[in-house]
Amino acid sequence: MPSNVDNAYDPSAVEHRWQAKWDRDGTNAFALDELRSAERPFFNLMMFPYPSAEGLHVGNIYAFTGADVYGRFKRLQGYDVFEPIGFDAFGIHSENFALKTGVHPSRLIPGNMANFRRQLRRIGGMFDWTHTVDTTDPDYYRWTQWIFVQFLKNGLAEKKEAPVNWCPSCMTVLANEQVIVGECERCGTAVEQRFIHQWFLRITDYADRLLANLKRIDWSDTTLKAQYNWIGRSVGAQLHFPVAGADDLSVEVFTTRPDTVFGATYVVLAPEHPLVDAVTSDSCREAVEAYRARTQAMDLVARKKIEKDKTGVFTGGYCVNPATGERVPVWIADYVLMGYGTGAIMAVPGHDERDFDFAHAHGLPIIRVIAAPGEDASTPLSIAYEYPTGTLVNSGRYDGVPVDEAKRAIVDELATEGLAESRVTYRLHDWCISRQRYWGPPIPVINCDHCGAVPVPEEDLPVELPHVEDFRPDQSGISPLARVREWYEVPCPSCGRDAARETDVSDVFLDSAWYFLRYPSTDFDDRPFDAGITRRWLPVDMYIGGNEHAVLHLLYSRFVVMALHDMGWLDFEEPYDRFRAHGLIIREGAKMSKSKGNVIIPDPIIERYGADTFRLYLMFLGPFVEGGDYQDQGISGPHGFLHRLWESVVPESGELATGDPDPAVDRKLHRTIHRVTDQIANLRYNTAIAAMMEYLNAVRAGGRTPVRAEVEPLVGMVAPFAPHIAEELWHRLGHAGSVFDGANWPECDLAKCVEQHARIAVQVNGRVRGTVSVPVGAGRDEVVAQARAEPNVARHLEGTEVRRIVHIPDRLLNLVVAQAVAAGK
RNA sequence: GCCGGGGUGGUGAAAUCGGUAUACACAGGGGACUUAAAAUCCCCCGGGAGCAUUCCCAUGCGGGUUCGAGUCCCGCCCCCGGCACCA
């Protein structure tokens, strides 16, 4: 016999009861045989978090809730939804925090993870806690290392000396992606250049495929665009500019505009370019050296700040323009970057804004070689003409040839003389994975004087990260592991002689490039991913995460999967069929930040309103892919909705009535099911919730008491957003199991969605003058007759002649009339 | 500079195969119930005029197409992201 207390909605009690039950019953967990045999597998993935000491922030909760809503929705529709979560706990983030607080990361991380687990349970995520990953667990990073070894064996990993971004504050090398306009992404310190031997993964080998596949994956447009731009394919040619007076030397330039080569009046090398020494004349050497020193000392930030001034110095050397045969001076300038193309350009000041500015600043000749319609060879150039249209002028036998044709013809002709070839260049660089840090998986390589870089044999993996109490990096650029002699001194696996382990660790993005492959296979400790299970569950069906990883994580994981596919380990080459980037949450119109002190602390809100209300409110704020504005008072809306839902299903006085639903309410119900189903599928959660609110309002309108058939389907629809209350109400409706077991998503009966009558807006000359109610599907004449009978419509038709009738069935009638000239005047 | 996304009530936001602009919710006002409070329920709530039927104006600004434009086209302004000397 239920007491009054039992009949009041107590979110905290309900939520704890069901969370405990889910754990006890394994509601969300897959046993190995279930993973092997699931009939309608659906892999619902969300980006695993870095377990910070602060705990889950509202941004995490927003993202996870949005992903969880989708997963629960698919499950209610009868899919076997696998929804794992894990921890991305290696990396600079953890390490810097540990350095700041003085607590070793190996002691810090477990507590953080425990706290995250508690919070993730508390918000009611449908997580399979029997299949989680922790990237710092040797049982996980053993396979991260294994992947590196596969890359090495397949020629996709190589060590090379390269200019790298060095952060003097974090004392480490950064990937290009971690440098934000010349500053360290983490600490904002200006980045310097250093030359170090690094391990690179050859992602540029896959640039074309990574680009081509973008056409056939279902991802957010913004994310696709970001990847497209990041890969940055440009088609052009490599032209050879022989060095005057040195037959064997030639400056290679890359250009997308070979048609402008007749206008190339000088050549510019990046200051770091290897040919600078060779072309520099003795008289210019001092100035060149000074400029190079200045460039090197100048960090990238300073280099960008003076973007207007084009500085540079003449080397004293000359090249031969391959098209004109004339000598052109060779300069060095910092506006030419060593990291792109060949690190050298042919400067065409007439048709490139940067070259134009530089030529002006240094008195170099500017020649027009392209004429737009209405221009000719002598039309003055007040600015560079950069458009890729027009015809050639001042270009010898190519005069009058259109740009497109000239591009091909000139390259073809120069190619026959060995002075050019077509070429495609990418903005994308190979992926440097070496980190001179401590908190990461050691790169599994042993360096031997006789055998070179030897991969650690797979049976010896993992190469465990030794415990080092003082892991502070130092200025030497050598990893802290290089101070642990007893760890790195090992015999060469190949020849047995004394050798040394690689002392760099790998980039955190390698950890996260394959974690989704591991989730369903965590039951196996003898393989990274089981073939059969992987075939069943991957690729990921739906991936939801932040667009801040649009190019980093998402591109690297695509690359890793593509490479593993080519090696025969996987039978698919794209990891995520669908990806959706969620929006960001702001608060009261302002960005949240610790310094402003306006960060939302989730725990007290959950304490007060419950996780269901919090989830519902977050999803109600705005379209999930666009984010929303969290206004503190707004939460009472969704909170009241759940209360009313509870009271409608668990009436304070007596039992929930049975019997047939009211026909009008039933129509509304089926229309609501239709809308909600469609809107959740498209991640338009805010309007789905609004539709449910609207329906509940209709159910309770005028204080009416609903019957069971009117509210039971609503319990199913609200379940993705508010799973705990849904379980409780489902249970109280007399069902034995979880609402999430057994495809309980309500069915929409389309026949019931149809209304009997339509309200039609009646316009006269496009302005609404009244509405009429007609049977659905009523013909034009019938509608017109009714409309004319409407007093206000009739008034506006008075003294006029209807010239035209526009009838949109069941929606609108527009009577177009001639202006009434008779009346008045 | 380039590439995205967006400007709609007091506020968060609905409505984009062109067809009754402002759904849903917050805030605000009024009322019912109640000893009271909470909860619940009902009514009002873009601006202006009017007792009212009703009329005019309004989706960042200016034009255009159309019977009809928040939605399409042209030209601007502003805000938020991302990229940025990429040859």
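Keep in mind that what you see is a predicted model, and the values were worked out from it rather than measured.
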Rounding to an integer number of angstrom, what distance separates [N] and [M] when you compare their [atom1] atoms?
N: B/rG46; M: B/rU8; atom1: C1'; answer: 10 Å
N: B/rA39; M: B/rC33; atom1: C1'; answer: 11 Å
N: B/rU59; M: B/rA69; atom1: C1'; answer: 11 Å
N: B/rC80; M: B/rC86; atom1: P; answer: 25 Å
N: B/rU40; M: B/rA27; atom1: P; answer: 11 Å
N: B/rU20; M: B/rA15; atom1: C1'; answer: 12 Å
N: B/rC61; M: B/rG10; atom1: P; answer: 14 Å

*So does A/Glu252 pair up with A/Arg423, basic N to acidic O under 4.0 Å?*
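Looking at A/Glu252 and A/Arg423, the cut-off is not met.
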
_SB check A/Lys668 A/Glu694 (cutoff 4.0 Å)_ =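 Between A/Glu694 and A/Lys668 there is a salt bridge, with a charged N closer than 4.0 Å to a carboxylate O.
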
I want to check one thing: is the phosphate of [N], taken as OP1 and OP2, less than 4.0 Å away from some side-chain N or O of [X]?
X: A/Asn697; N: B/rA25; result: yes
X: A/Arg811; N: B/rU20; result: yes
X: A/Ser234; N: B/rA87; result: yes
X: A/Arg769; N: B/rC55; result: yes
X: A/Arg354; N: B/rC86; result: yes
X: A/Arg795; N: B/rU53; result: no
X: A/Asn686; N: B/rA14; result: yes
X: A/Arg700; N: B/rC41; result: yes
X: A/His796; N: B/rC55; result: yes
X: A/Asn792; N: B/rC55; result: yes

With sugar-phosphate meaning primed atoms plus P, OP1 and OP2, does [X] contact a base, only sugar-phosphate, or nothing at under 4.0 Å between heavy atoms?
X: A/Ala347; answer: nothing
X: A/Tyr426; answer: nothing
X: A/Glu647; answer: sugar-phosphate
X: A/Ser636; answer: sugar-phosphate
X: A/Leu621; answer: sugar-phosphate
X: A/Gln763; answer: base

*A/Gln631 vs A/Lys591, nearer the 5' end of RNA chain B by closest nucleotide*: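 Here A/Gln631 is the residue nearer the 5' end.
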
*Between A/Arg767 and A/Ala691, who's closer to the 5' end of RNA chain B by nearest nucleotide?*
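Result of the comparison: A/Ala691.
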
I need the [atom1]-[atom2] distance between [X] and [N], as an integer number of Å.
X: A/Arg684; N: B/rA15; atom1: CZ; atom2: C1'; value: 10 Å
X: A/Leu552; N: B/rC83; atom1: CG; atom2: C1'; value: 13 Å
X: A/Leu554; N: B/rG82; atom1: CG; atom2: P; value: 16 Å
X: A/Ile586; N: B/rG81; atom1: CD1; atom2: C1'; value: 12 Å
X: A/Leu616; N: B/rA13; atom1: CG; atom2: P; value: 17 Å
X: A/Asp357; N: B/rA87; atom1: CG; atom2: P; value: 16 Å
X: A/Asp352; N: B/rC86; atom1: CG; atom2: C1'; value: 11 Å
X: A/Arg675; N: B/rA14; atom1: CZ; atom2: P; value: 13 Å

Whether the [X] and [Y] side chains hold a donor-acceptor pair (N or O, under 3.5 Å, no angle test) is what I'd like checked.
X: A/Asn547; Y: A/Thr222; answer: yes
X: A/Glu548; Y: A/His553; answer: no
X: A/Ser234; Y: A/Tyr340; answer: yes

Considering only [options], which nucleotide approaches the side chain of [X] most closely?
X: A/Asn229; options: B/rC85, B/rC3, B/rA14; value: B/rC3
X: A/Pro623; options: B/rA14, B/rC67, B/rC24; value: B/rA14
X: A/Arg644; options: B/rU20, B/rC41, B/rC86; value: B/rC41
X: A/Asn814; options: B/rU20, B/rG68, B/rG12; value: B/rG68
X: A/Gln633; options: B/rA27, B/rC3, B/rG12; value: B/rA27
X: A/Asp334; options: B/rA87, B/rC85, B/rU54; value: B/rC85
X: A/Arg427; options: B/rA21, B/rA84, B/rG68; value: B/rA84
X: A/Thr687; options: B/rA87, B/rA14, B/rC24; value: B/rA14

*Taking A/Asp810 for its side chain and A/Gly777 for its backbone only, find out whether a donor-acceptor pair lies under 3.5 Å.*
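Side chain of A/Asp810 to backbone of A/Gly777, a donor-acceptor pair under 3.5 Å: yes, one is there.
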
_Within the supplied structure, the quantity of interest is the number of heavy atoms (other residues, nucleotides, ligands) at a distance under 6.0 Å from A/Glu353 CD; does it exceed 12?_
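Count not over threshold, so no.
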
*Greater than 12 external heavy atoms within 6.0 Å of A/Asp632's CG*: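 Counting neighbours around CG of A/Asp632, more than 12 heavy atoms of other residues, nucleotides or ligands fall under 6.0 Å, so yes.
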
*Glycosidic conformation of B/rG30, syn or anti, with 90° from 0 as the boundary?*
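Anti for B/rG30; the angle lies over 90° from 0.
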
_Contiguous pairing runs of three or more, Watson-Crick or G-U under 3.5 Å, that involve RNA chain B_ =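 Counting only runs of 3 or more consecutive pairs, the stems involving RNA chain B are B:1-7 with B:77-83, B:10-12 with B:24-26, B:28-32 with B:40-44, B:46-49 with B:54-57, B:60-64 with B:72-76.
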
*Check side-chain hydrogen bond (donor to acceptor under 3.5 Å, both in side chains) between A/Tyr609 and all other residues, then give those that pass, not counting sequence neighbours.*
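Expected list: none.
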
_Shortest non-hydrogen contact between A/Ala237 and A/Val411, atoms and distance_ =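 Taking A/Ala237 first and A/Val411 second, the nearest heavy atoms are CB-CG2, 3.7 Å.
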
*What heavy-atom pair brings A/Pro706 and A/Val699 nearest, and what distance separates the two atoms?*
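Looking at all heavy atoms of both residues, the shortest contact is CB-CG1, 3.3 Å.
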
